[in-house]
Amino acid sequence: TLKVELRAGIKHGFESTYSLPTKTSKSTKVNITPGSISGWVILEASFQQDFGNLYGQNAIECPSKPPSKLDLELFQLHISRIFSLVRSIREAFTLYYWLISWDNPTVSIFSLVIFVWSCLRFNLEYIACLPIILLVSVMLLSAAERKKGRLKQHFIQQQKESCIKEILENSVDRSNFRPVGGIEVKVERGRNLRSQELGISGSVGCHVFWHPLRYIENEEDKKNFISQDKLLESRQDMGETNFVFDADPEWNKLTASSELRRMQRLSPNLETLLLEVIRGSKNNKADPENSKSILFPFLQPVCRKENFKKKANFGVEPWKSIQGAIVVQVRFSDVLNKLPGFKDTLGEVVIPLSKVMTNNQISGWFQVTEVNSTHTVLYNKETDAGIPCIYLSLRRLLPDLSQEISEAHREASITLEEEMILTASNKTLFQGKTIGNSLGSLNNTVRGIGGTLHSIQNSIGQVVDLLEVCHNIFTFADPQISSLVLCSLLVICILLALVSTRHIVLLIGLTQYIITLVSKLKSLLSSKQSKISSFEPNQTNENDEETQNSSPISTWITNVFRSIPTDEDLRKVYFWEGQRIGEQACSKIRSEKRITRLTKLWNARWFSSVKLRIECREEYLNDWQWQDGYFAVVLGRRLMIWRSVTDLDTGEIPYKQVYFSGHAGIAGLSPIELRRLSEDQVKRVTNIFGRGENGQLKLMLLLPDKSLKDSLESVIMDTAIKDD
């Protein structure tokens, strides 16, 4: 009997990109977390290996693996497998060096005694058995490791480390502080924005983003900057205006990008925090829903390594040395530009970010230059009539470092840096997938180049498979075959210990001559018989077939090699178990970050995981049921509930919000609810009501324990009393 998990949102069962993005089920309105267990299937299966078909007299050859499609990720996987084999060889040399390095005197003395004794007492006539003895020793050690479960633990540990590495790559050192500043951007109006091909008017809008490497052309310099500051790896979208059908548009709204909105949700007090720490900019908070400007946060640039002070590992440079440019991309939309050959981008306006930091504020008319340009051209009304241009206003907001830095400012810096690094790495990963898809299309369009790359990829895969199979023969990845090989090596070792090496070499040399002599005699006899049996072709063909099938040794050897799993096969076997253990380790790291952010940055008054009462519409279910996995936070005068802690950590929109203003507070349980709940649940259940997004809202929450329930009710009652 086999119990198999049913997992939701799975695209590839065993790859690094195994899951689809989080989505919401249309029927239950519940988030589907990628890789989460949604059910179980109990299978009754019986597997029996037919050794007669594999290793009998009439053995059938096992089919080889089918060739894979051309894929960049698979290509990179083969390369990583090669590096893993090289790493194993290095570990073997490291172990040998450890034996003779006297790091452990007991081990080094023991190995020295064995070496001296072997050199003095070992007969060189029987030296051929020495490598077999070493190989048998390695196999016996591997068998002991396999019995202790360390082979399985090795692959589980690899998957666990990859999960932890993924979350640590996007983490920053909490001891390093980078002050948070901001740029206020306004895109107000434009002139002469017409189609480049036909010169007609259309719908015009602007897309604003920060391009950190716009002025760096050398690839080596780009790598150096990215190694110093990971958030420079890709551009950061800031926002976009509404589209206006006019050649001289006036934009009345600048909407924040999804990246900026996510940062605002991760740090709800971000704009207030920026306005509190900047010089002379209090009481200037704009309405985020209907605003003509956006406030985008920036972190003070990191010092280059050559500029570090002595005995210092981290430092920041002046704001004016910040890299990149604010780019305003003017987009044009009509019926014609959707056709091939027509462009949907009129051009760009590029403003160096360092110039904004130096001049405090920049505003005016700027010419729209070509895409990917690095020039900033001011608009001259007298000489540049008819040239496309837009009116921009950029203003810097820098912190006053003479004041004491608050814990909220420090935590905001860490949160923003981690979110920007994550955004940049996701965009880079998406570009890599795009390249992989381009390789696949290249295989279909350019058959010559694509076919060559395809054959190279599959050849590398076959070579790596063969090397891993040869390695796994001696590591008991397949205990039956490895045991058979061990027994064969023991027999060979005993034979080599009894027969001198010179006699074995003599026997091998004579065998070559005898085999060639026998084959020569057979060819002479077959040529004479062919003249006699020339009138019996069918009988001759049958005899030839019997001769070809008389020796199945090659088929046995092929089946042995194809039945042994590779390291990639073993990784897939233990993938989900390693993923589960890795997620448990990562959840501790995420929990520590979450608690720190909620307490220091959000100043949350209460937070905990909760169960929410969900109404059921199906007839075969009860009127309502408890659904777990939700996370609730009391921030100021509102209660926010997310579908999961993952939604909270990634900055998703809350599932439910209750505002404690007006008619709000805690309601008692009705008689029907008391009858439906157990005695333990009654102690942990609370009813909360208040103003929701669409009128009055009432929620029933089931808390993990009674103390959390009492603290939540205390916070809500305190809020209601202050409101009165």
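Between E577 and the choices K572, K160, K152, the salt bridge (Lys or Arg N to Asp or Glu O under 4.0 Å) rule is met once, by K152. Results of the side chain to side chain contact (heavy atoms under 4.5 Å, CB included) test with E418 over T423, V172, L231 single out V172 as the only residue that passes. The side chain to side chain contact (heavy atoms under 4.5 Å, CB included) test with F115 singles out one residue from S118, C119, S111, and that residue is C119.
Counting heavy atoms from C-beta outward, D569 and V573 have side chains that stay 4.5 Å or more apart. For the pair E419 and L422, the minimum side-chain heavy-atom distance is below 4.5 Å. Within the 4.5 Å cutoff, the side chain of S563 has heavy atoms near those of the I481 side chain.
Scored by the side chain to side chain donor-acceptor pair (under 3.5 Å) test, R150 finds E145 as partners (sequence neighbours excluded).
Ion pairing of R562 with E61 is present here, as a side-chain N (NZ or NE/NH1/NH2) and a carboxylate O approach within less than 4.0 Å. A salt bridge is absent between E233 and K223: the closest approach of a Lys/Arg side-chain nitrogen to an acidic carboxylate oxygen does not fall below 4.0 angstrom. Residues E568 and R571 are paired through a salt bridge, judged by an N-O separation under 4.0 Å between the basic side chain and the carboxylate.
In this structure a side-chain-to-backbone donor-acceptor pair under 3.5 Å is present from N559 to C62. Side-chain atoms of Q579 do not come within 3.5 Å of backbone N or O of Y574 as any donor-acceptor pair. Side-chain atoms of K230 come within 3.5 Å of backbone atoms of E169 as a donor-acceptor pair (strictly under, hydrogens ignored). Within the 3.5 Å criterion, the main-chain N or O of E220 finds a donor-acceptor partner in the side chain of N224.
Between C129 and A497, the shortest heavy-atom contact is CB-N, 4.2 Å. Scanning both residues, I167 and I164, for their nearest heavy atoms gives CG2-O, 3.0 Å. Taking each heavy atom of C493 and I133 in turn, the nearest pair found is SG-CG1, 3.4 Å. The two residues S108 and S101 come nearest to each other via the heavy atoms OG-N, 4.2 Å. For the residue pair E583 and R590, the shortest heavy atom distance occurs at OE1-NH1, 3.4 Å.
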Side-chain donor-acceptor pairs under 3.5 Å in residues 462-479, sequence neighbours left out?
{"from": "D465", "atom 1": "OD1", "to": "R81", "atom 2": "NH1", "distance (Å)": "3.4"}
{"from": "D465", "atom 1": "OD1", "to": "R81", "atom 2": "NH2", "distance (Å)": "2.5"}
{"from": "E468", "atom 1": "OE1", "to": "R81", "atom 2": "NH2", "distance (Å)": "2.7"}
{"from": "E468", "atom 1": "OE1", "to": "D567", "atom 2": "N", "distance (Å)": "3.0"}
{"from": "E468", "atom 1": "OE2", "to": "R81", "atom 2": "NE", "distance (Å)": "3.1"}
{"from": "N472", "atom 1": "OD1", "to": "T475", "atom 2": "OG1", "distance (Å)": "3.4"}
{"from": "N472", "atom 1": "ND2", "to": "E468", "atom 2": "O", "distance (Å)": "3.2"}
{"from": "N472", "atom 1": "ND2", "to": "P565", "atom 2": "O", "distance (Å)": "2.7"}
{"from": "N472", "atom 1": "ND2", "to": "D567", "atom 2": "OD1", "distance (Å)": "3.2"}
{"from": "T475", "atom 1": "OG1", "to": "N472", "atom 2": "O", "distance (Å)": "3.3"}
{"from": "D478", "atom 1": "OD1", "to": "Q480", "atom 2": "N", "distance (Å)": "3.3"}

With side chain to side chain donor-acceptor pair (under 3.5 Å) as the criterion, how do T646 and D649 come out once you've worked through the C-alpha distance, each side chain's angles and the decisive distance to 0.1 Å?
CA-CA 5 Å; T646 304; D649 294 340; 5.7 Å; no
Please walk me through it: do F93 and I89 pass side chain to side chain contact (heavy atoms under 4.5 Å, CB included)?
CA-CA 6 Å; F93 279 105; I89 297 174; 3.5 Å; yes
Stepwise side chain to side chain contact (heavy atoms under 4.5 Å, CB included) check, S171 with K593:
CA-CA 10 Å; S171 301; K593 290 184 178 181; 2.5 Å; yes
Applying side chain to side chain contact (heavy atoms under 4.5 Å, CB included) to L495 and I504, what does each step give before you reach the verdict?
CA-CA 10 Å; L495 180 63; I504 293 174; 5.8 Å; no
After noting the C-alpha distance and the side-chain angles of T555 and T558, does the key distance pass the side chain to side chain contact (heavy atoms under 4.5 Å, CB included) rule?
CA-CA 5 Å; T555 304; T558 302; 5.6 Å; no
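One distance of note links CG of L95 with CD1 of I100; it measures 11.0 Å at 0.5 Å rounding. Rounding to the nearest 0.5 Å gives a distance of 11.0 Å between CD of E161 and CG of L168. Separating the CD atom in Q236 from the NE2 atom in H211 is a distance of 11.5 Å, to the nearest 0.5 Å. Taking CZ of F155 as the reference point, atom CG of L570 lies at 4.5 Å (rounded to 0.5 Å). Put simply, CG on L74 and CD1 on I79 are 10.5 Å apart, with the number rounded to the nearest 0.5 Å. Of the inter-residue distances, the one linking I421 atom CD1 with S234 atom OG reads 13.0 Å to the nearest 0.5 angstrom.
Side chain to side chain, S455 and N458 fail the donor-acceptor criterion of an N or O pair below 3.5 Å.
When the shell of 6.0 Å around CZ of F110 is examined, it contains 12 or fewer heavy atoms from other residues, nucleotides or ligands.
For residues 502-520, every residue pair satisfying the side-chain hydrogen bond (donor to acceptor under 3.5 Å, both in side chains) rule, not counting sequence neighbours, is listed here: E125-R502, S500-H503.
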